[in-house]
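Numbers for residues simply follow the sequence, beginning at 1. Predicted, not measured: the structure shown is a model, and the values here were computed from it.
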Amino acid sequence: MKSIDLTPLYRNSIGFDHLSSLLNSSLRTESANASYPPYNIEVLGENKYAITLSVAGFSQNELDINVEKGVLTVRGKKVSAQERQYLHRGIANRSFERKFNLAEYIEVVDAGLDNGLLSISLVREIPEALKPKTIAINTGKPALNVNQQESANQGVNQVA
């Protein structure tokens, strides 16, 4: 029996509650470049998140950030104008593409590049229609059922 490692689901997802979507996306994820570039995912508040990627050596014009269909994609394409001869090359200088699955209502609000760290700010903005509502309880008169409300509204319309 094979066991499924769910670690990629927790590393690449922000605010997801849909396990089936996560399983499908993790099965499609290529593991060849799973560790480059290194990154952190932080919870800054109840509905605020931040992703920080280490992109040392990349300038702002070599980075591209896109959000499409609930997937945040960060690409880095290194443009090398000169050919250099190295005795040892230990600094990664390769192009990359990193994808993050975003849950519903997660929006990218800002991105900044400082000292080789690309920081992306995310916020969960739940529409007002989906937020919980508090219903006031009236005292002194009984609540009208739907039929009584409709007839009361019709009576007001006929008087006017």
Side-chain angles (χ1 to χ4, degrees), residues 1-137 146 149 153:
M1 185 170 136
K2 293 183 180 179
S3 63
I4 297 175
D5 182 18
L6 297 179
T7 305
L9 301 178
Y10 304 121
R11 287 194 314 240
N12 295 332
S13 300
I14 300 162
F16 247 111
D17 298 334
H18 308 290
L19 187 58
S20 63
S21 297
L22 291 174
L23 287 171
N24 289 334
S25 66
S26 72
L27 293 175
R28 284 184 259 128
T29 302
E30 294 180 25
S31 61
N33 290 329
S35 63
Y36 184 76
Y39 62 93
N40 293 333
I41 299 175
E42 299 175 75
V43 178
L44 302 176
E46 185 177 338
N47 291 317
K48 294 182 181 182
Y49 305 92
I51 299 172
T52 305
L53 290 98
S54 176
V55 292
F58 285 86
S59 64
Q60 187 173 349
N61 60 350
E62 296 172 328
L63 297 170
D64 183 37
I65 302 171
N66 291 319
V67 178
E68 185 178 348
K69 296 181 182 177
V71 177
L72 169 64
T73 305
V74 181
R75 290 182 187 90
K77 184 161 180 139
K78 198 66 178 161
V79 180
S80 179
Q82 301 177 5
E83 285 295 321
R84 296 182 179 186
Q85 184 178 3
Y86 294 97
L87 295 176
H88 171 74
R89 187 168 183 180
I91 299 172
N93 194 16
R94 61 182 184 249
S95 298
F96 68 89
E97 180 177 277
R98 170 69 69 187
K99 293 185 179 188
F100 299 93
N101 298 309
L102 302 177
E104 292 178 336
Y105 314 118
I106 297 283
E107 298 290 328
V108 177
V109 293
D110 192 22
L113 182 63
D114 186 35
N115 294 328
L117 296 175
L118 176 65
S119 298
I120 302 170
S121 300
L122 307 161
V123 174
R124 181 191 310 251
E125 294 182 3
I126 300 173
E128 289 295 324
L130 298 178
K131 289 183 180 177
K133 293 188 261 184
T134 303
I135 308 301
I137 300 173
V146 175
Q149 280 183 332
N153 289 338

Identify the two heavy atoms, one from [X] and one from [Y], that lie closest to each other, and give their separation to 0.1 Å.
X: Ser95; Y: Lys77; answer: OG-CA, 3.5 Å
X: Phe58; Y: Lys78; answer: CE2-N, 3.8 Å
X: Leu122; Y: Val109; answer: N-CG2, 4.3 Å
X: Arg124; Y: Glu104; answer: NH1-O, 4.4 Å
X: Leu113; Y: Gln60; answer: CD2-N, 3.7 Å

**Prompt:** Is it true that Tyr49 and Phe100 have ring centroids separated by less than 6.0 Å?
**Reply:** no
**Message:** Within 45 degrees of the ring normal and closer than 6.0 Å to the centroid, is that where the cationic atom of Arg98 sits relative to Tyr39?
**Reply:**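 Here Arg98 fails the 6.0 Å and 45° test against Tyr39.
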**Request:** Give the C-alpha distance, both sets of side-chain angles, the deciding distance and a yes or no for side-chain contact (heavy atoms from CB on, under 4.5 Å) between Leu117 and Ser54.
**Result:** CA-CA 5 Å; Leu117 296 175; Ser54 176; 4.2 Å; yes
Do [X] and [Y] have side chains that approach each other closer than 4.5 Å (heavy atoms only, starting at C-beta)?
X: Glu62; Y: Val55; answer: no
X: Leu63; Y: Ile65; answer: no
X: Val74; Y: Ile51; answer: no
X: Glu42; Y: Thr52; answer: yes

**Message:** Surrounding CZ of Arg89 (heavy atoms of other residues, nucleotides or ligands, distance under 6.0 Å), is the total greater than 12?
**Reply:**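 It does: Arg89 CZ has more than 12 such atoms within range.
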**Among Ile41, Leu53, Val67, the one residue meeting side chain to side chain contact (heavy atoms under 4.5 Å, CB included) with Ile120** = Leu53
**Item:** side-chain contact (heavy atoms from CB on, under 4.5 Å) assessment of Asn47 paired with Tyr105
**Value:** CA-CA 10 Å; Asn47 291 317; Tyr105 314 118; over 6 Å; no
